[in-house]
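Below: one structure, written as structure tokens.
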Amino acid sequence: MTSEFADYEVLVFRRSLLGEGAIWDVDAERLYWVDIMGRKVFVYDPVTGNNREIDTGQVVGTVVPRTKGGLAVALQSGFAWIDLKTEKITAIVDPEADKPENRFNDGKCDPFGRFWAGTMEFTFIPNKGKLYCLDTDGSVQERLSPVTIANGIVWSLDHGTMYYVDSGLNNVRAFDYDGDTGEIANERMAFTNTDGGTFDGMTIDEEGMLWIAIYNGWCVRRYDPDSGDVLQSVRIPVSEVTSCALGGENLDELYITSASENFTETEWEDQPLSGSLLRVKVGVRGVPAYSFGG
């Protein structure tokens with residue numbers, strides 16, 4: 001079975017409860033990621049191998065770079081930014097202050113500097129979450145409801161289409177995207193998952209193809225968003241694959257996160273790398289990730 005796995009590297013050996021949110025910062029040449037339930041933001045330096053830990057003190061759904069410096073995050077208490085020098089966390093806005101049963105999950109920035117992130121109910125009750133857009137002026141708008149498990153989100157290379165994963169539906173939906181306003185329209189299903197596992201985090205490459213982490217699927221798959229065809233499957237020795245990002249000097253290295261929450265001893269014996277940060281050279285280049293402009 002091992003021979004079927006991709007040629008992977010273990011960058012950070014760690015039993016993250018729910019590793020997520022991988023994103024490559026082309027300017028800083030760092031990878032940011034999170035342990036949602038472990039309440040940590042990580043800054044990984046591929047040159048030194050150091051994986052800096054920042055304790056958020058609460059559940060953290062995702063992380064993105066900020067054009068003014070530091071990071072922006074989606075915490076259980078809403079959107080905030082982190083000063084990387086002091087590690088001080090400054091609240092921006094909480095669109096669900098009246099919903100303590102919910103938490104933020106995955107999210108990313110659009111090409112215009114807006115920060116998109118969605119919520120979900122802690123125990124996965126369907127249709128309790130929403131998808132929000134934090135604009136650069138600090139205002140927040142609800143863009144999609146209901147959502148069960150907010151997950152991968154990317155924009156097409158021409159910025160005219162937004163692709164979105166709600167893991168509760170296990171498909172990729174497409175929306176027309178208005179870059180001037182951040183509004184979405186003309187919702188349709190781009191393709192559904194017929195190959196096993198559950199769609200989770202997502203990124204896009206320079207050819208406009210979608211790379212999707214497959215939870216309970218032991219892999220990241222590359223899809224053609226027009227046809228839904230699987231173009232490539234990167235198998236790794238962990239089952240609960242959660243997010244992926246194309247990074248590195250040439251943007252051709254696939255960074256992969258995974259989860260290990262509620263693992264049994266038998267599962268740990270079978271999957272000792274679960275929760276760790278892995279990397280696979282894939283021979284396809286990504287595109288630079290966008291930063292929050294607020």
Side-chain angles (χ1 to χ4, degrees), residues 8-92 104-109 113 115-117 134 152-153 201-203 213 238 241-260 273-280 286-294:
Y8 64 88
E9 301 172 78
V10 181
L11 302 179
V12 179
F13 179 74
R14 187 182 194 279
R15 288 188 173 185
S16 302
L17 296 175
L18 184 47
E20 253 283 10
I23 184 170
W24 178 260
D25 185 335
V26 293
D27 294 323
E29 297 184 328
R30 301 287 189 276
L31 183 91
Y32 309 125
W33 60 299
V34 303
D35 182 349
I36 293 177
M37 303 309 293
R39 304 181 175 190
K40 301 283 188 183
V41 168
F42 304 118
V43 182
Y44 174 73
D45 182 345
V47 175
T48 65
N50 179 61
N51 188 58
R52 176 182 175 187
E53 297 188 6
I54 299 174
D55 189 351
T56 58
Q58 58 180 293
V59 170
V60 51
T62 195
V63 58
V64 294
R66 185 168 177 249
T67 55
K68 295 180 181 179
L71 307 172
V73 289
L75 302 168
Q76 186 181 355
S77 63
F79 292 100
W81 65 274
I82 299 176
D83 186 317
L84 282 175
K85 293 181 180 178
T86 64
E87 299 187 0
K88 179 183 178 182
I89 298 174
T90 302
I92 301 173
F104 270 96
N105 201 48
D106 205 358
K108 289 290 185 296
C109 290
F115 186 8
W116 288 68
L134 175 67
I153 185 169
M202 178 167 59
T203 192
V238 295
V241 187
T242 53
S243 78
C244 56
L246 286 161
E249 184 178 358
N250 297 312
L251 297 178
D252 61 352
E253 298 169 344
L254 190 68
Y255 290 81
I256 306 170
T257 64
S258 60
S260 67
L273 296 180
S274 291
S276 298
L277 179 65
L278 306 183
R279 181 173 63 190
V280 178
V287 295
Y290 305 110
S291 301
F292 176 53

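All residue numbers refer to positions in the sequence shown, counting from 1. Keep in mind that the numbers below use all heavy atoms, side chains included, and drop hydrogens, waters and symmetry copies.
Side-chain contact check for Val47 versus Glu29: every heavy-atom pair is 4.5 Å or farther apart. Inter-residue side-chain proximity for Leu18 and Asp35 is flagged as met; some heavy-atom pair is nearer than 4.5 Å. Using a 4.5 Å heavy-atom threshold, the side chains of Lys40 and Val34 count as separate. Looking at heavy atoms from C-beta onward, Val43 lies out of side-chain contact with Asp25 at the 4.5 angstrom threshold. Side-chain contact between Phe42 and Arg14 is present, with heavy atoms from C-beta onward closer than 4.5 Å. Using a 4.5 Å cut-off on side-chain heavy atoms (C-beta onward), Val59 and Leu75 make no contact. Counting heavy atoms from C-beta on, the side chains of Arg279 and Leu31 never come closer than 4.5 Å. Looking only at side-chain heavy atoms (C-beta outward), Phe13 and Leu273 come within less than 4.5 Å of each other.
The distance from atom CG of Leu71 to atom CD1 of Ile89, rounded to the nearest 0.5 Å, is 10.0 Å. The CZ atom of Arg30 lies 10.0 Å from the CZ atom of Arg52; values are rounded to the nearest 0.5 Å. Summarising the geometry, atom CZ belonging to Phe115 is positioned 7.5 Å from atom CG belonging to Leu134; distances are rounded to the nearest 0.5 Å. Between Phe104 atom CZ and Gln76 atom CD the span is 10.5 Å, to the nearest 0.5 Å. A distance of 7.0 Å separates CG of Leu278 from CG of Leu11, quoted to the nearest 0.5 Å.
Listed here is the closest heavy atom pair of Gly201 and Cys244: O-SG, 4.4 Å. When all heavy atoms of Ser291 and Thr67 are compared, the pair lying nearest together is CB-CG2, 3.6 Å. In this structure, Cys109 and Val64 approach most closely via the heavy-atom pair SG-CG2, 3.6 Å. For the pair Val238 and Val241, the tightest heavy-atom approach, listed with the atom from each and the gap, is O-CG2, 3.5 Å. The nearest pair of heavy atoms linking Glu87 to Glu53 is OE2-O, 4.2 Å. Between Val12 and Ser276, the closest heavy-atom pair is O-CB, 3.0 Å.
Partners of Tyr32 under the ring-ring contact (aromatic ring centres under 6.0 Å, His included) rule, at least two apart in sequence or in another chain, do not exist in this structure. Residues that satisfy the side-chain contact (heavy atoms from CB on, under 4.5 Å) test with Val287, not counting sequence neighbours, are Leu157, Ile204, Glu206.
Between the side chains of Ser274 and Ser258, not a single donor N or O lies within less than 3.5 Å of an accepting N or O. Between the side chains of Thr242 and Thr257, at least one donor-acceptor pair of N or O atoms lies under 3.5 Å.
Between the side chain of Asn105 and the backbone N or O of Gly61 there is no donor-acceptor pair closer than 3.5 Å. With hydrogens and angles ignored, the 3.5 Å screen pairs a side-chain donor or acceptor of Thr62 with a backbone N or O of Gly107. Side chain of Ser16 to main chain of Gly275: a donor-acceptor pair is present (N/O by atom type, distance under 3.5 Å, no hydrogens or angles).
Below 30°, between 30° and 60°, or above 60°: for Trp24 and Tyr255 the angle between ring planes is below 30°, a parallel geometry.
Of the candidates Val41, Ile82, Ile36, Val41 is the only one forming a side-chain contact (heavy atoms from CB on, under 4.5 Å) with Val60.
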